[in-house]
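One structure is given below, encoded as structure tokens.
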Amino acid sequence: MNIFRFAGDMTHLISILVLLLKIYATKSCSGISLKTQELYAIVFVARYLDLFTDFISVYNTVMKLVFIGCSLAIVWCMRLHRVVRRTYNKDVDTFRHYFLVLGCFLLALFVHEKFTFQEVLWAFSIYLEAVAILPQLVLLQRSGNVDNLTVQYVFFLGAYRAFYILNWIYRYLTEPHFGRWIASVAGLVQTALYADFFYYYFISWKNNAKLQLPA
Amino acid sequence: DKQDSGKDEL
């Protein structure tokens, strides 16, 4: 494992911990898109089915279990927790995320490495992860005034994507047979979605001001 | 295999 991959995994983990911390400490999920969280839960469950069939390392297994567990816990909190669920911005979180699920599944049926149950679900999870942030970005933009922890959450998620791209470039250059075309193209799309957010993030950081997204 | 196709990643 190279340093970029590790940094990517850690920023991914931090983003989820920041989100859990926000929900736990403030007993509020305002500014967080339940749609995006549901999509991530689907992504992790679909991709990590290989927990039952393949063993790669203790690190991989533990991280997969943590990601599945945390994403399900977040969805549970936002939907069912007595206090937290009342803070959910239901009216602005209106993205039709079922269309994303359907579109990604159809794409995975046609574009995959092998036509097996696990490979199609793997491709599906890669495509869905690429677009899963969209409801969250739309919610950020609509609500305009966003709290700091939510901004940090999106920032760390974006950082994870950026590190993974560096990781793929590194692996492509150092491993003779490394080819991950489906994931690399989807990863580029996903990272590009964050470009706008990062632009405004750095502007607010430079001016030492609160993040403001244009309406 | 798993490593060549990047499925050793998360």
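Below, chain A is the first sequence line, B the second, and so on; all start at residue 1. Remember, it's a predicted structure, so these values are computed and weren't measured experimentally.
Between A/Q190 and A/E129 the shortest side-chain heavy-atom distance falls below 4.5 Å.
Contacts of A/W181 with chain B are absent, with no heavy-atom separation under 4.5 Å from either backbone or side chain. Only the side chain of A/F67 comes within less than 4.5 Å of a heavy atom of chain B; its backbone N, CA, C and O stay farther away. Residue contact with chain B, scored on non-hydrogen atoms closer than 4.5 Å, involves the side chain of A/D9 exclusively.
With chain B as the partner, the residue from A/R47, A/H12, A/M63, A/R5 showing the most heavy-atom pairs under 4.5 Å is A/R5.
Using a cutoff of 4.0 Å between basic side-chain nitrogens and carboxylate oxygens, A/D50 and A/K64 are scored as salt-bridged. For A/R142 and A/D93, the salt-bridge test fails: no basic side-chain N is under 4.0 Å from an acidic carboxylate O.
A/Y200 and A/Q141 form no side-chain donor-acceptor contact under 3.5 Å, judged by distance and modelled atom types alone.
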